[in-house]
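Single-structure report; data block below.
Quick note: numbers below take in every heavy atom, side chains included, and nothing from hydrogens, waters or symmetry partners. Keep in mind it's a predicted model, so treat the numbers as computed, not measured.
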Amino acid sequence: MGITKTELYTDKQVNLAAVFKALGHPARVSILEYLFKVESCVCGDIVDEIGLAQATISQHLVVLKNVGIIQGTVTGTSVCYCIDKSKWLEITEYIEPFLNSSTLDTECC
């Protein structure tokens with residue numbers, strides 16, 4: 001298998017792909033929907049809400065945190081998570097033009 005040559009792509013393209021990859025699992029989409037709904041930091045409620053094992057939820061939270069969509073705050077022995085609003089706005093600023101860039105009224109094949 002070949003090496004991914006990320007230097008062939010712009011930073012914007014690499015970041016966009018990373019965000020789409022992070023959003024590419026229904027559990028992570030579900031976690032984000034829950035965090036948007038509660039509009040505050042959430043500690044242990046995610047496991048109860050999503051219905052997956054704690055270890056599985058933790059793995060998904062790491063992916064979302066690594067791409068910057070969520071942030072976590074350590075409080076005692078628990079970590080509370082919320083949407084990183086400034087990062088989310090930044091993400092939407094480069095996702096929206098990408099999604100709206102097509103001209104669906106052109107003929108193809």
Original post:
Residues two or more places apart in sequence or in another chain: which of them pass ring-ring contact (aromatic ring centres under 6.0 Å, His included) with F36?
Top reply: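 Counting only residues at least two positions away or on another chain, F36 forms a ring-ring contact (aromatic ring centres under 6.0 Å, His included) with W88.
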**OP:** Under the ring-ring contact (aromatic ring centres under 6.0 Å, His included) rule, collect the residues that match up with F20, sequence neighbours excluded.
**Re:**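 Checked F20 against ring-ring contact (aromatic ring centres under 6.0 Å, His included); matches are F98.
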Subject >> Smallest separation among heavy atoms of S30 and I50, with atom names >> reply: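 Here S30 and I50 meet closest at OG-CD1, 3.1 Å.
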Subject >> Nearest atoms (heavy-atom pairs only) where V29 meets L23 >> reply: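 Heavy-atom minimum between the residues: CG2-O, 3.3 Å.
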Test of understanding: with side chain to side chain contact (heavy atoms under 4.5 Å, CB included), list the residues that count as partners of [X], not counting sequence neighbours.
{"X": "T10", "answer": "K12, Q13"}
{"X": "E96", "answer": "T92, N100"}
{"X": "V79", "answer": "V74, Y81"}
{"X": "N66", "answer": "V62"}

**OP:** Please name all residues satisfying side-chain hydrogen bond (donor to acceptor under 3.5 Å, both in side chains) with Q54, sequence neighbours left out, ordered by chain then number.
**Re:**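 Result, side-chain hydrogen bond (donor to acceptor under 3.5 Å, both in side chains) vs Q54: S58.
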Original post:
Residues two or more places apart in sequence or in another chain: which of them pass side-chain hydrogen bond (donor to acceptor under 3.5 Å, both in side chains) with Q71?
Top reply: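 Expected list: none.
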Subject >> Results of salt bridge (charged side-chain N to carboxylate O under 4.0 Å, His left out) for K85 - residues two or more places apart only >> reply: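 Partners of K85 by the salt bridge (charged side-chain N to carboxylate O under 4.0 Å, His left out) criterion come out as none, since no residue qualifies.
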Original post:
Among all residues two or more places apart in sequence or in another chain, which pass the salt bridge (charged side-chain N to carboxylate O under 4.0 Å, His left out) test with K87?
Top reply: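 By the salt bridge (charged side-chain N to carboxylate O under 4.0 Å, His left out) rule, K87 matches E90.
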Are [X] and [Y] linked, directly or through other ILVMFWY residues, by side chains that come within less than 4.5 angstrom of each other?
{"X": "I57", "Y": "V63", "result": "no"}
{"X": "I95", "Y": "L89", "result": "no"}
{"X": "I91", "Y": "L99", "result": "yes"}
{"X": "V67", "Y": "I31", "result": "yes"}

Original post:
Which residue pairs pass the salt bridge (charged side-chain N to carboxylate O under 4.0 Å, His left out) test when at least one of the two sits in residues 49-74, sequence neighbours left out?
Top reply: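 Non-adjacent pairs meeting salt bridge (charged side-chain N to carboxylate O under 4.0 Å, His left out): K37-E49.
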Subject >> Side chains of L52 and I46 in contact at under 4.5 Å (non-hydrogen atoms) >> reply: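 Side-chain contact under 4.5 Å: no.
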Original post:
Could you give the distance from OH (Y34) to CG (D48), rounded to the nearest 0.5 Å?
Top reply: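 Reported to 0.5 Å precision, the distance equals 8.0 Å.
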Original post:
Should the heavy atoms of other residues, nucleotides or ligands under 6.0 Å from CG of D11 be counted, would the total exceed 12?
Top reply: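 No, CG of D11 has 12 or fewer neighbouring heavy atoms, counting only those of other groups under 6.0 Å.
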**OP:** Can you tell me which residue pairs pass the side chain to side chain donor-acceptor pair (under 3.5 Å) test with a partner in residues 15-28, sequence neighbours excluded?
**Re:**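 Side chain to side chain donor-acceptor pair (under 3.5 Å) check on residues 15-28 returns R28-H60.
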